[in-house]
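Please read the structure below before turning to the comments.
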Amino acid sequence: MSANLNSPPSASALANPWVQLIIGVICMACVANLQYGWTLFVDPIDGKYHWGRAAIQVAFTIFVAIETWLIPIEGYLVDRFGPRWVVIGGSILVAAAWALNSAAASLPILYLGAALGGIGTGCVYGTSVGNALKWFPGRRGLAAGITAAGFGAGAAITVGPIKTMITTAGYQHAFLVFGLIQGGIVFVMAWLMLAPPARLIAAKVKSNQTAHGYTPIEVLKSPVFYVLYAMFVLIAAGGLTMTASIAPIAKDLKIDKIPVELFGMAMPALVFAIFLNRIFDGVGRPFFGWLSDQIGREYTMALAFFTGAIALYTLSQAGANPVVFVLVSALYFGVYGEIFSLFPATQGDTFGAKYAASNAGMLYTAKGTAVFLVPVAAIVAKAHGWGPVFSIAMTFNVMAGLMALFLLKPMRVRHFAKSREAFPAAAAADVTRTSTT
């Protein structure tokens, strides 16, 4: 793609794809702890109120379900009015959610905090990813990956401080302090967000992309969408279970407090695992996004999903070894997080950029569907241990990898052929744009 597509003319230094990408990454990092830091709060909350892990994890389910299921609406608002005001609203709700969690003395209040946090995080997440897809039409995998990395790795730098504050000042104080700090940063960053110019939104720079902007209704009529959705659910179910339960898993395996020395660092196994998980998750998202730009979305998906299956099998067999637990869980998250870069990029290629925020939001609801399996996993683990949970998630990974190669890939080839026939004007414009850029 030529340089002029990445540098729209504007007097503002903010109207630059990379500047907007960085702003989105910062926003994503500041809302990540509502999901990835949650596991640190589960046992302290249970220790204070004795509500039980399963009941407390319902809050996590509510958060993820609302975060994902409302993103199509938030995406529509972004496509219609631009990113700024949606993210401002999100920042306020994120801060309010953490403040409410700090004062929650009953499950209904905890669930209300989860709901507010879900709405706020969805505003920030959907806007940041959708904006990235529009600003980088020729490198959607990389752009979505870098943006999603903010969410995946954003918790890494705060895991230690949050854990320390929970230990020294209590989980309630940690909720309040970090909620106000993170919400405040997002509020400031929101004022700097801009929508890209129209010529970038309409750009098509590769043969396996479409310039026709499929509306959400048109997308819902496409079989490709439902295959993507099913694959997303299969992978997200295991990843969300691991995310929400990594601390209980380590505790049940009796390795959470065992010191582990790796890479010149020494930490308790649980803290080390969460730290490395966020790093690997964050690095994996842009790496696999970039790789998919080079070798294709489906081949990259299969590689990541099969690697995840191997990691889950290893955890089921040797997860009680603290070193294995730390390293292999990091490997798993390194390949799990790619769904948050590859799936948005794939839908952007398949259905165009004009309604990218809305369409990516519809696909992202698969995460909200998958999260309902998290409490089920907790019940299974309580009755039978974590081995069966790992085995089920491993099976899901294998299924999704096979679907990517033998179902999604041929379906997308047929989709592009039909799209060229159905929208010849857009196809002709593609040729003109490609030849002049």
Side-chain angles (χ1 to χ4, degrees), residues 32-47 51-65 67 110 114 152 155 159 162-163 166 171 233-258 268-278 280-281 308-309 311-322 324-337 339 367-397:
N33 275 316
L34 279 166
Q35 176 172 319
Y36 291 111
W38 171 256
T39 190
L40 298 172
F41 293 92
V42 174
D43 284 331
I45 294 173
D46 192 33
W51 293 329
R53 285 179 184 171
I56 293 169
Q57 292 291 31
V58 170
F60 181 84
T61 299
I62 291 171
F63 164 77
V64 175
E67 177 217 351
L110 189 71
V159 167
I162 288 178
K163 180 66 173 176
I166 290 173
Y171 80 86
V233 170
L234 288 172
I235 301 301
L240 290 171
T241 297
M242 290 289 289
T243 298
S245 307
I246 193 74
I249 290 171
K251 186 174 182 179
D252 290 347
L253 293 176
K254 297 179 172 56
I255 60 172
D256 55 321
K257 298 179 181 179
I258 295 179
L270 173 59
V271 176
F272 211 150
I274 296 175
F275 173 75
L276 279 188
N277 291 352
R278 297 303 95 232
F280 274 61
D281 192 349
L312 288 163
Y313 176 78
T314 304
L315 286 172
S316 72
Q317 300 300 307
N321 181 305
V324 171
F325 181 81
V326 169
L327 292 177
V328 177
S329 66
L331 172 63
Y332 172 75
F333 278 101
V335 296
Y336 156 68
I339 63 175
K367 178 181 173 183
T369 300
V371 77
F372 287 101
L373 295 175
V374 173
V376 176
I379 294 171
V380 172
K382 185 176 181 179
H384 305 288
W386 290 101
V389 176
F390 291 141
S391 297
I392 293 170
M394 177 189 70
T395 302
F396 284 177
N397 270 59

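Note that the numbering runs from 1 along the sequence shown for the chain. Computation of the quantities below employed the complete heavy-atom set of this structure, encompassing side-chain atoms and omitting hydrogens, waters and symmetry-equivalent molecules.
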Rounded to the nearest 0.5 Å, what separation is found between the [atom1] atom of [X] and the [atom2] atom of [Y]?
{"X": "Leu253", "Y": "Leu270", "atom1": "CG", "atom2": "CG", "result": "11.0 Å"}
{"X": "Asp256", "Y": "Phe325", "atom1": "CG", "atom2": "CZ", "result": "9.0 Å"}
{"X": "Thr395", "Y": "Leu312", "atom1": "OG1", "atom2": "CG", "result": "9.5 Å"}
{"X": "Ile392", "Y": "Asn397", "atom1": "CD1", "atom2": "CG", "result": "12.5 Å"}
{"X": "Thr314", "Y": "Asn321", "atom1": "OG1", "atom2": "CG", "result": "11.5 Å"}

What is the minimum heavy-atom distance between [X] and [Y], and which atoms define it?
{"X": "Lys163", "Y": "Leu40", "value": "CD-CD2, 4.1 Å"}
{"X": "Ile255", "Y": "Ala320", "value": "CG2-O, 3.1 Å"}
{"X": "Ser329", "Y": "Leu315", "value": "N-CD2, 4.2 Å"}
{"X": "Thr241", "Y": "Ala377", "value": "CG2-CB, 3.5 Å"}
{"X": "Ile45", "Y": "Tyr171", "value": "CG1-CE1, 3.6 Å"}
{"X": "Tyr336", "Y": "Ile235", "value": "CE1-O, 3.6 Å"}

When you compare the side chain of [Y] with that of [X], does any pair of heavy atoms fall below 4.5 Å?
{"X": "Trp51", "Y": "Leu110", "answer": "yes"}
{"X": "Ile162", "Y": "Ile166", "answer": "yes"}
{"X": "Thr39", "Y": "Thr243", "answer": "no"}
{"X": "Thr61", "Y": "Phe372", "answer": "yes"}
{"X": "Ile56", "Y": "Trp38", "answer": "yes"}
{"X": "Lys367", "Y": "Ile339", "answer": "no"}
{"X": "Tyr332", "Y": "Met242", "answer": "yes"}
{"X": "Phe280", "Y": "Leu327", "answer": "no"}

Do the side chain of [X] and the main chain of [Y] share a donor and acceptor less than 3.5 angstrom apart?
{"X": "Ser316", "Y": "Ser391", "answer": "no"}
{"X": "Asp281", "Y": "Gly334", "answer": "no"}
{"X": "Asp46", "Y": "Val42", "answer": "no"}
{"X": "Gln57", "Y": "Ala244", "answer": "yes"}

Less than 3.5 Å apart, which donor and acceptor atoms pair up between the side chains of residues 382-390 and the rest of the protein, not counting sequence neighbours?
from   : atom 1 : to     : atom 2 : distance (Å)
Trp386 : NE1    : Asp252 : OD2    : 3.0

